[in-house]
Amino acid sequence: MNVNRYGNKQDFTLIWDSSSTRLFIGRYEDCLWIAEQLWNIATQIMLPPSVSESSRLLAVDMFLKAHDFALLSEEEEGELLTKGHLACEDFDGPYMLPMKFDFATPVKSTDICSEFSAQCLVLSVTCEVNVINLQEQIISNRLAKSANCLVASMAEISTLNKSEVKEELERSLVWLCLHLLIALGDDSAFCFSLLDGGLLDRLQTELSGESTTIERETNINERRSLSLNHIFDVACRAESCHLLHTAGHLFRLCVGDLLRTKKICIGKESNSVGSIQKKIIQYASGVEDVRTVFEDVDRIIKGRSTIGAEGTTYNPYSSEDIDFFAIEAHNKAVSLIFIGDVCNAEKMLTISLNLIPFSGREVEGYSTEIRRTYRGVVEHRGIGGGSIIPYSSGEMMNLFGTLEK
């Protein structure tokens, strides 16, 4: 049992009670000065335009040490260090689940933190993400430590008072979380973070421009465009890493923003609304996702009076796109018929028929067959039994083979 300077008994030992600590570091008042020096050195390391991997990793560790010294500077004499997480002790351990990030559930706050300590954590993760993006082979223990670091920074930032710095830190967490989840490579964990964890809502807020509540002189439209490009790049990375459900969710977010702002593509023409929607259909995990894509296409094609951002008729689809969606809607309907989902099959066939008048001649030539399938579905409703499709399965598979992309 220890006794503090007031003569009261205490069942813990402060770091400053150690003679070696006082010898090598000084008293607790000196800690903030040390944190500032570590911050300055780490910042200088990252200044050159070309920084080596070893230098980036050194900066990561120095920002973490600056964070720890900043927390220690808040420790009062005679009081226990409470609720704070030190990188040197906690971030290598399993105090949190590093595979998922939850923005929807309020994070347990820490009572000793500052804008400085929170920024140290965010900058550390930023440097680590830069290393991850440059590495072909990711070191798992450093990745887990960065995930712990990100969760700790979420706790510290949630404790801060509202300010411009806090706003920027919260926005930084969103983008860092995206990159860390890509590196973790767990599709189900990524989907949890997007849907149940509220990350998708945060990204939607970024795209809508509602994340900025404090007045500042910025080009909102330019920032939205950068956010959309960034999300699309991450979606493409998820696709290349075979995180297909994740890619589907992010591609849907991109298309939703393109349709909302009445834009045709993201950057290059090859990244058009139609081409992204084809990816969504390919990676869809349920009928609802596929049907939503076709309903969007149907609504836009039928509503040709819609005026775009430049004052012209908004139609983001090429003739090839319309041909594809007309045929694909029919093919998906046939698949649904075979599994007994007549209701959604009828909706798909209706959309297919709606798109026929806007399709090319080759697709129009199949309109009779599509109508015949549609009549089979309608006549089957309420009757039960019997074959809905007027073709064999082999004939249906070959019917539109020449038009599939």
Side-chain angles (χ1 to χ4, degrees), residues 12 14-16 28-29 31-36 38-39 42-43 60-98 100-129 144-181 193 196-199 201-203 205-206 210-216:
F12 53 84
L14 295 174
I15 188 173
W16 307 114
Y28 72 93
E29 295 94 337
C31 262
L32 188 56
W33 180 87
I34 297 173
E36 291 171 349
L38 289 168
W39 167 287
T43 304
V60 169
D61 293 332
M62 296 195 78
F63 278 125
L64 289 179
K65 288 179 173 61
H67 164 268
D68 285 1
F69 276 106
L71 286 194
L72 291 172
S73 71
E74 299 292 329
E75 185 189 58
E76 299 180 12
E77 287 187 287
E79 297 295 334
L80 180 66
L81 180 63
T82 58
K83 297 183 183 178
H85 292 289
L86 298 178
C88 63
E89 296 178 352
D90 298 316
F91 294 174
D92 287 322
Y95 88 88
M96 49 77 67
L97 185 62
K100 299 177 182 178
F101 300 99
D102 193 346
F103 288 87
T105 305
V107 184
K108 183 180 180 181
S109 64
T110 172
D111 58 357
I112 53 167
C113 66
S114 62
E115 290 182 354
F116 179 87
S117 65
Q119 288 181 79
C120 287
L121 291 180
V122 170
L123 286 171
S124 173
V125 179
T126 302
C127 294
E128 190 74 70
V129 164
K145 186 172 183 176
S146 293
N148 284 331
C149 181
L150 184 63
V151 171
S153 65
M154 292 170 68
E156 291 198 12
I157 291 170
S158 68
T159 310
L160 301 176
N161 294 326
K162 183 177 179 181
S163 68
E164 185 173 329
V165 172
K166 179 179 180 178
E167 182 182 294
E168 288 299 324
L169 289 173
E170 287 178 333
R171 294 186 60 227
S172 297
L173 289 178
V174 172
W175 304 114
L176 291 174
C177 183
L178 275 180
H179 286 280
L180 272 181
L181 285 167
S193 299
D196 299 326
L199 180 56
D201 293 335
R202 291 292 186 99
L203 293 172
T205 301
E206 288 291 324
E210 297 174 359
S211 60
T212 302
T213 56
I214 299 175
E215 294 295 330
R216 65 184 66 177

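Reckoned from all heavy atoms, side chains included, excluding hydrogens, waters and symmetry mates.
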Nearest heavy-atom pair of [X] and [Y]: which atoms, and what distance?
X      : Y      : answer
Cys149 : Leu64  : SG-CD2, 3.7 Å
Cys177 : Leu199 : SG-CD2, 3.9 Å
Ile157 : Val122 : CD1-CG2, 4.0 Å
Val174 : Arg202 : CG2-CB, 3.8 Å
Ala152 : Leu121 : C-CD1, 3.9 Å
Phe69  : Ala35  : CB-CB, 3.8 Å

- Leu181 and Phe101: CA distance, side-chain angles, deciding distance, side chain to side chain contact (heavy atoms under 4.5 Å, CB included) verdict: CA-CA 9 Å; Leu181 285 167; Phe101 300 99; 3.7 Å; yes
Given side chains that start at C-beta, do those of [X] and [Y] come closer than 4.5 Å, heavy atoms only?
X      : Y      : result
Ser146 : Leu150 : no
Trp39  : Leu123 : yes
Leu180 : Val129 : yes
Phe103 : Leu173 : yes
Glu156 : Leu71  : yes
Leu178 : Leu203 : yes
Lys65  : Met62  : no

Output the distance between atom [atom1] ([X]) and atom [atom2] ([Y]), rounded to the nearest 0.5 Å.
X      : Y      : atom1 : atom2 : value
Glu168 : Ser163 : CD    : OG    : 10.0 Å
Leu160 : Gln119 : CG    : CD    : 9.0 Å
Glu170 : Glu167 : CD    : CD    : 8.0 Å
Leu176 : His179 : CG    : NE2   : 7.5 Å
Phe63  : Thr126 : CZ    : OG1   : 8.5 Å

- Query: Would you say Ser124's side chain and Cys120's backbone share a donor-acceptor pair under 3.5 angstrom?
  - Reply: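 A pair under 3.5 Å: no.
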